[in-house]
Amino acid sequence: MRRTLFNEDHEAFRETIRAFIEAEVVPVYDDWFAAGQAPRDFYYKLGELGIFGISVPEEYGGAGMDTHKFEAVLYEETARAGVQFGGSGVHVLLALPYIKMLATDEQKKRYLPKFVTGEEMWAIAMTEPGTGSDLAGMKTTAKLSEDGSHYVLNGAKTFITGGVHADKVIVCARTAAPTAEDRRHGISLFAVDTKSEGYSVGRKLDKLGLRTSDTAELAFVDVKVPVEDLLGEENKGFSYLGHNLASERWGIAFGAYAQAKAAVRFAKQYVQERTVFGKPVAHFQNTKFELAACQAEVDAAEAVADRATEALDAGELTPAEAASAKLFCTEVAHRVIDRCLQLHGGYGYMNEYPIARLYADNRVNRIYGGTSEIMKSIIAKDMGL
């Protein structure tokens with residue numbers, strides 16, 4: 001079946017990204033892996049390449065393209081090479097939609113030019129210790145000062161991707177207590193400068209996978225946030241968070257599909273080169289059947305991921321459809337990557353092989369952005385169950 005998602009512009013972008021990865025990432029990726037993060041100056045290179053400004057309006061230094069297809073190409077090319085672009089995915093996929101949707105013209109003039117160049121990297125801080133997916137249970141508070149000039153932020157966040165290198169963080173905090181009728185009431189969003197007094201980065205978390213993506217704990221002790229850095233309206237933060245979950249879950253779904261596709265590529269190459277009992281591993285019927293089954297699953301995931309991309313670009317991707325795409329693609333990736341690792345034998349367990357790193361990187365896809373169990377609940381509710 002002929003794929004119709006991408007056009008010539010996307011394919012030209014793919015060639016540029018593939019060459020960039022080979023020249024700038026692959027030679028140093030092992031160093032990043034050992035360090036547990038990409039170096040800060042790498043993000044300036046992404047800015048120079050135009051990665052951060054694809055969907056930023058032209059008046060702020062971006063290309064003004066209202067599409068997620070270039071992001072989709074990035075997912076495919078990084079997975080194909082067995083690399084990650086550090087924590088930069090959060091910068092574009094998660095933080096940018098909130099800036100575009102909620103920021104005033106004055107805020108956009110302050111935020112977006114430096115966003116595009118990588119001079120200011122953004123993260124988003126939702127999850128707190130002990131709350132997990134229950135965002136309505138957050139305890140971090142932001143109280144308006146007596147003179148009304150700033151909010152005073154207190155609390156803690158965890159699992160914050162990009163949190164070590166971030167220059168700005170969208171922090172979710174309570175500006176009012178929840179009501180008996182609505183636990184979600186009273187949450188607001190703030191663009192917090194990480195150089196603010198009282199703001200601190202705790203541990204850089206030691207993760208199973210995504211080793212080059214810096215993930216941190218954050219703490220706020222009487223951090224002063226100017227009222228000019230409130231995003232959107234006070235107390236309406238939860239509705240804003242729900243609005244952007246569809247695009248976040250699309251990103252996880254498409255990324256998972258891309259990882260599954262890459263796993264088949266890695267396994268196919270390995271079994272053609274590896275010899276056992278005097279024959280290439282690819283010669284055995286079990287190998288052929290396993291890879292054929294994996295390819296069929298990848299084909300199905302590609303169709304789901306592509307359809308979700310088109311719906312997202314058209315503004316028609318519903319929460320239930322996004323949940324369905326995430327559930328399907330992440331579960332497919334789980335099965336495919338596991339089977340492809342098995343075909344590598346003992347070498348599949350060694351981090352020097354990309355399949356091993358891919359196995360660890362993939363596992364979080366069924367957890368963050370809402371667990372698979374949460375996705376099933378959303379789908380079931382949409383079904384009227």
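In this text the structure is predicted, and so the values were computed from the model without any measurement.
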Donor-acceptor contact present, side-chain Asp306 to main-chain Leu5, <3.5 Å
no
When you check the gap from the basic side-chain N to the acidic O, do Lys224 and Glu197 get nearer than 4.0 Å?
no
Polar side-chain atom of His91 near backbone of Gly87 as donor-acceptor pair, under 3.5 Å:
no
Transitively linked via ILVMFWY side-chain contacts under 4.5 Å: Leu205 with Ile124?
no
For Phe238 and Arg184 the tightest heavy-atom approach is CE2-CD, 2.9 Å
Are Glu71 and Phe254 packed together at the side-chain level, in the sense that at least one heavy-atom pair is separated by less than 4.5 angstrom?
no
Is Glu22 salt-bridged to Arg18, going by a charged N under 4.0 Å from an acidic O?
no
Crowded around Tyr199 OH? As in, over 12 foreign heavy atoms under 6.0 Å?
yes
Side-chain heavy atoms under 4.5 angstrom apart, residues restricted to Ile, Leu, Val, Met, Phe, Trp, Tyr: same cluster for Phe284 and Tyr347?
yes
Could you tell me whether Lys69 and Asp9 have a side-chain N and a carboxylate O separated by less than 4.0 Å?
no
Please check this pair: side chain of Thr161 against backbone of Thr215, looking for a donor-acceptor N/O pair closer than 3.5 Å.
no
Tell me which pairs pass salt bridge (charged side-chain N to carboxylate O under 4.0 Å, His left out) where either residue lies in residues 275-295, with sequence neighbours left out.
Glu290-Arg339
Glu106 and its salt bridge (Lys or Arg N to Asp or Glu O under 4.0 Å) partner, picked from Arg110, Lys108, Lys109
Arg110
Same apolar cluster: Val171 and Val152, side chain cutoff 4.5 Å:
no
Assign the ring pair His68 / Trp250 to parallel, tilted or perpendicular, where the plane angle (0 to 90°) is split at 30° and 60°.
perpendicular
So, for Phe42 and Phe85, is the gap between ring centers shorter than 6.0 Å?
yes
Between Tyr111 and Leu231, is a side chain to side chain contact (heavy atoms under 4.5 Å, CB included) present by the stated rule, with each step listed?
CA-CA 12 Å; Tyr111 299 153; Leu231 287 173; 4.1 Å; yes
Would you find a donor on one side and an acceptor on the other, under 3.5 Å apart, between the side chain of Ser145 and the backbone of His150?
yes
Taking everything shown except Lys207 itself, do over 12 heavy atoms lie less than 6.0 Å from its NZ?
yes
For Ala253 and Cys329, which heavy atoms make the closest approach, and how far apart are they?
O-CB, 3.3 Å
Which pairs count as side-chain hydrogen bond (donor to acceptor under 3.5 Å, both in side chains) when at least one residue sits in residues 55-67, sequence neighbours excluded?
Thr67-Asp313
For the pair Arg357 and Asp30, find out whether any cationic side-chain nitrogen is under 4.0 Å from an anionic carboxylate oxygen.
yes
What orientation do Tyr43 and Phe52 show, parallel under 30°, tilted 30 to 60°, or perpendicular over 60°?
tilted
Check the angle between the aromatic planes of Trp122 and Phe115 and answer parallel, tilted or perpendicular using the 30° and 60° thresholds.
tilted
Could you tell me whether the side chain of Thr275 and the main chain of Gly278 form a donor-acceptor pair under 3.5 Å?
no
Is there a salt bridge (Lys or Arg N to Asp or Glu O under 4.0 Å) between Asp167 and Arg40? Walk through the geometry before answering.
CA-CA 11 Å; Asp167 302 287; Arg40 178 62 179 83; 2.9 Å; yes
Would you say NZ of Lys204 has more than 12 non-hydrogen atoms from neighbouring residues, nucleotides or ligands within 6.0 angstrom?
yes
Are a donor atom and an acceptor atom from the side chains of Asp299 and Gln295 found within less than 3.5 Å of each other?
yes
Show, in sequence, the C-alpha distance, side-chain angles and deciding distance for Ile17 and Leu49, and conclude whether the side chain to side chain contact (heavy atoms under 4.5 Å, CB included) test is met.
CA-CA 9 Å; Ile17 293 301; Leu49 196 62; 3.7 Å; yes
Should the pair Phe6 and His10 be assigned to parallel (<30°), tilted (30 to 60°) or perpendicular (>60°) ring geometry?
perpendicular
Residue Gln342 excluded, over 12 heavy atoms near CD under 6.0 Å:
no
Is any side-chain heavy atom of Val332 closer than 4.5 Å to a side-chain heavy atom of Tyr257?
no
Do Ile378 and Arg249 have side chains that get closer than 4.5 Å, going by heavy atoms?
yes
Do Asp229 and Phe190 have side chains that get closer than 4.5 Å, going by heavy atoms?
no
Taking only residues two or more places apart in sequence or in another chain, which ones pass side chain to side chain donor-acceptor pair (under 3.5 Å) with Asp206?
Arg211
With a 4.5 Å heavy-atom cut-off, do Tyr368 and Leu210 have their side chains touching?
yes
To the closest 0.5 Å, what do you measure between CG (Leu144) and OH (Tyr151)?
5.0 Å
Do Ile355 and Tyr270 have side-chain heavy atoms sitting under 4.5 Å apart?
no
Might you point out which heavy atoms bring Glu248 and Leu94 nearest each other, and give the distance in Å?
CG-CD2, 3.3 Å
Counting N and O atoms only, with roles assigned by atom type, does the side chain of Ser377 sit under 3.5 Å from a partner on the main chain of Glu373, one being a donor and the other an acceptor?
yes
For Gly209, is there any backbone N or O sitting under 3.5 Å from a side-chain donor or acceptor partner on Asp361?
no
ILVMFWY cluster, Val90 and Leu245 together (side-chain gap under 4.5 Å)
no
Backbone N/O of Ala305 and side chain of Thr309: donor-acceptor pair under 3.5 Å:
yes
Closest non-hydrogen contact found for Leu189 with Leu241 is CD2-CD2, 4.1 Å
Answer yes if Phe33 and Val83 sit in the same cluster of Ile, Leu, Val, Met, Phe, Trp and Tyr residues linked by side chain heavy atoms under 4.5 Å apart, and no otherwise.
no
Just so I know, are the side chains of Ile170 and Tyr240 near enough to count as touching, which here means a heavy-atom distance under 4.5 Å?
no
Check: Arg174 side chain, His185 main-chain N or O, donor-acceptor pair, under 3.5 Å:
yes
Between atom CG of Leu291 and atom CD of Gln272, what is the distance when rounded to the nearest 0.5 Å?
9.0 Å
Please evaluate residues Glu321 and Arg307 with respect to the criterion salt bridge (Lys or Arg N to Asp or Glu O under 4.0 Å), reporting the C-alpha separation (whole Å), side-chain torsions for both, the decisive distance (0.1 Å), and the verdict.
CA-CA 10 Å; Glu321 290 169 344; Arg307 185 180 69 175; over 6 Å; no
Do you know the tightest heavy-atom contact between Thr212 and Gln84?
OG1-CB, 3.4 Å
Report the distance from atom OG1 of Thr117 to atom CG of Leu112, rounding to the nearest 0.5 Å.
10.5 Å
If you take all heavy atoms of Ala176 and Asn235, which pair is closest and at what distance?
CB-OD1, 3.6 Å
For the pair Glu128 and Lys139, evaluate salt bridge (Lys or Arg N to Asp or Glu O under 4.0 Å) and give the outcome as yes or no after the intermediate values.
CA-CA 8 Å; Glu128 296 184 0; Lys139 305 296 183 183; over 6 Å; no
Met375 vs Thr330 side-chain heavy atoms within contact, under 4.5 Å:
no
Just wondering, are more than 12 heavy atoms of other shown residues or ligands nearer than 6.0 Å to NZ in Lys143?
no
Rounded distance [0.5 Å steps], NZ in Lys157 versus OG1 in Thr127
7.5 Å
